[in-house]
2 protein chains.
Amino acid sequence: MSGPGLAPPVFVVDDDPDIRSSLTRALRMRGFAAEAFASAQAFLDGYDGRAACVVLDFGMPGMNGLELQALINREGFPLAVIFITGHGGVPESVQAMKGGAVDFLEKPFRQSVLVERIGAAWEVASARAVAEGRSRDVAARFERLTAREREIVDWIVAHPGTVSSKEVGRSLGISPRTVDHHRARILEKLEIRSVAELVDLARVLD
Amino acid sequence: MSGPGLAPPVFVVDDDPDIRSSLTRALRMRGFAAEAFASAQAFLDGYDGRAACVVLDFGMPGMNGLELQALINREGFPLAVIFITGHGGVPESVQAMKGGAVDFLEKPFRQSVLVERIGAAWEVASARAVAEGRSRDVAARFERLTAREREIVDWIVAHPGTVSSKEVGRSLGISPRTVDHHRARILEKLEIRSVAELVDLARVLD
DNA sequence: GATTGCCTAGGCAATACTGCCCATGCCGGC
DNA sequence: GCCGGCATGGGCAGTATTGCCTAGGCAATC
């Protein structure tokens, strides 16, 4: 239960140097592995793909907080975003929350509040990382399937009530025996042991 | 593509009579089936379980908007909530969005904006209603299972890679033949035709 | 006390799946 | 042209599933 990795990483992205230094100091004191970046671009250059919480200034020169959030969502990074803002109002906060932000705080805020929210955000980020990892893993296994195999998978997933080789074969216009053959390859490549698990696995992919 | 039910229902819940009358008038003019309520309690008394969009005053006497939202979430009503507020700020909007609100507008707002947001909210409510209906339907079918049958379902869902009667029987300490028997009843009661579909169906239930 | 529902489990036959073998034909790369 | 991967299928043996029958034990209900 000790060693590196215990301290949840928190990335502070803000163009204000005072905020950066005071937040990182406060967070490190409370056991977080805090790192600061002066801009969205600097953060992106330094980000290594880890699960983490990102404390993001809403209004920054260059790429702003919302844009960075949109990028994080597009890329599927396992990051939980908490916005902090000096001049934002209700419309900005609503937009941020719609974009999947975990929280949104107005400056000035009490550091104890931020720390508490980061704790919650870290839970979200961890869960997201697990889901992401699982999803990537499953997707990688599906990559190994050939076109025909994928076609059979698609058909079975779309018709989980009719999974016999006979039905699938008739539907695809091939012999049941060939479906048997493909199915064996599919189970092998996906590292599963039953059609039930196949349907289960396929549901992981969105 | 015509007849009753085409107009998306919108419930306006606000203690201000002016808001109620102006909003319902504006919404009806734009093709919504708008109804107004002066309080959360009045809305709850009149609500019939339909999928709808609810425009909710954040700060109301009696049960306030947040409390009503929490109740809606608890009950799983197929409603999409849009808050409107006179005096709320960023913390209130964040809290509302965390609670699953689809939108949050400050008074005064342009009616065209509200109408547009209601359109989006209606999509959400419809999708939620479909999911809710499906979920209730599936749950009702699961209700018909006996204790032993449910135990077998649980085991299969937990171990989708090992679904043979032999394995299940060994694990539960009963004969494979008995598992066969239960399984046939399970498929019959759930109105499905394969174990794959069983796993699929079970995943619908959260 | 009879009935009903549930859990148990066996028999039997038809059907299906699985894992091994085999083969053919096609295509793309070396 | 040869080789490897892919899709197609057949054979065969062992195993599993499925549907239909029977039937005993047990608990609750009428």
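Throughout, protein chains are lettered first and strands after them, A, B, ... in sequence-line order, and every chain is numbered starting at 1.
Remark: B:Glu149 does not engage B:Arg185 in a salt bridge, criterion side-chain N to carboxylate O under 4.0 Å. Under 4.0 Å is where a charged nitrogen must lie from a carboxylate oxygen, and between B:Arg193 and B:Glu197 no such pair does. Salt bridge annotation for B:Asp15-B:Arg20: absent, with no cationic side-chain nitrogen under 4.0 angstrom from a carboxylate oxygen. Of the charged side-chain nitrogens involved, at least one lies within less than 4.0 Å of a carboxylate oxygen, so that A:Glu35 and A:Arg50 count as a salt-bridged pair. With respect to B:Arg144 and B:Glu191, a salt bridge is recorded, a charged nitrogen being found less than 4.0 Å from a carboxylate O. A:Arg134 and A:Asp137 are not joined by a salt bridge, as no carboxylate oxygen comes within less than 4.0 angstrom of a charged side-chain nitrogen.
Direction change of the helix axis from one end of the helix from C:dG1-D:dC30 to C:dC30-D:dG1 to the other is 30°, with five pairs defining each end axis (rounded to 10°).
Residue B:Thr178 places at least one side-chain N or O under 4.0 Å from the OP1 or OP2 atom of C:dA9. Listed pair B:His182 / C:dT8 meets the phosphate criterion, a side-chain N or O lying under 4.0 Å from OP1 or OP2.
With B:Ile19 as the fixed residue, the side chain to side chain contact (heavy atoms under 4.5 Å, CB included) test singles out one of B:Asp57, B:Ile84, B:Val55, B:Thr24: B:Ile84.
Closest approach of B:Cys53 to B:Trp122, counting heavy atoms only: N-CE3, 4.5 Å. B:Met60 approaches B:Gly65 most closely through the heavy-atom pair CE-N, 4.1 Å.
The CZ atom of B:Arg185 sits 11 Å away from the P atom of C:dC6 (whole-angstrom rounding). Here the P atom of nucleotide C:dA9 and the CG atom of B:Leu172 are 11 Å apart, to the nearest Å. One can place NE2 of B:His181 at 13 Å from P of D:dT22, the figure rounded to the nearest angstrom. Rounding to whole angstrom units, CD of residue A:Glu188 and C1' of D:dC6 are separated by 14 Å. Distance, A:Asp180 CG to C:dC22 C1': 16 Å, rounded to whole Å. A straight line from CD1 of B:Ile174 to P of C:dA9 spans 6 Å, rounded to a whole angstrom.
Within residues 189-202 of chain A, no residue has a heavy atom under 4.0 Å from DNA chain C. Near DNA chain C, meaning a heavy atom under 4.0 Å away, the residues from residues 138-169 of chain B are B:Thr146, B:Ala147, B:Arg148.
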Practice item. Show your reasoning for whether side chain to side chain donor-acceptor pair (under 3.5 Å) applies to B:Gln41 and B:Asp45. Key: CA-CA 6 Å; B:Gln41 196 54 55; B:Asp45 290 343; 3.3 Å; yes

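For the residue pair B:Arg177/B:His181, the side-chain donor-acceptor check at 3.5 Å is not satisfied.
The base of C:dG19 lies close enough to the side chain of A:Arg177 for a donor and an acceptor atom to sit less than 3.5 Å apart.
B:Ser175 comes within contact range of the sugar-phosphate backbone alone, with a heavy-atom separation under 4.0 Å but no base atom that close.
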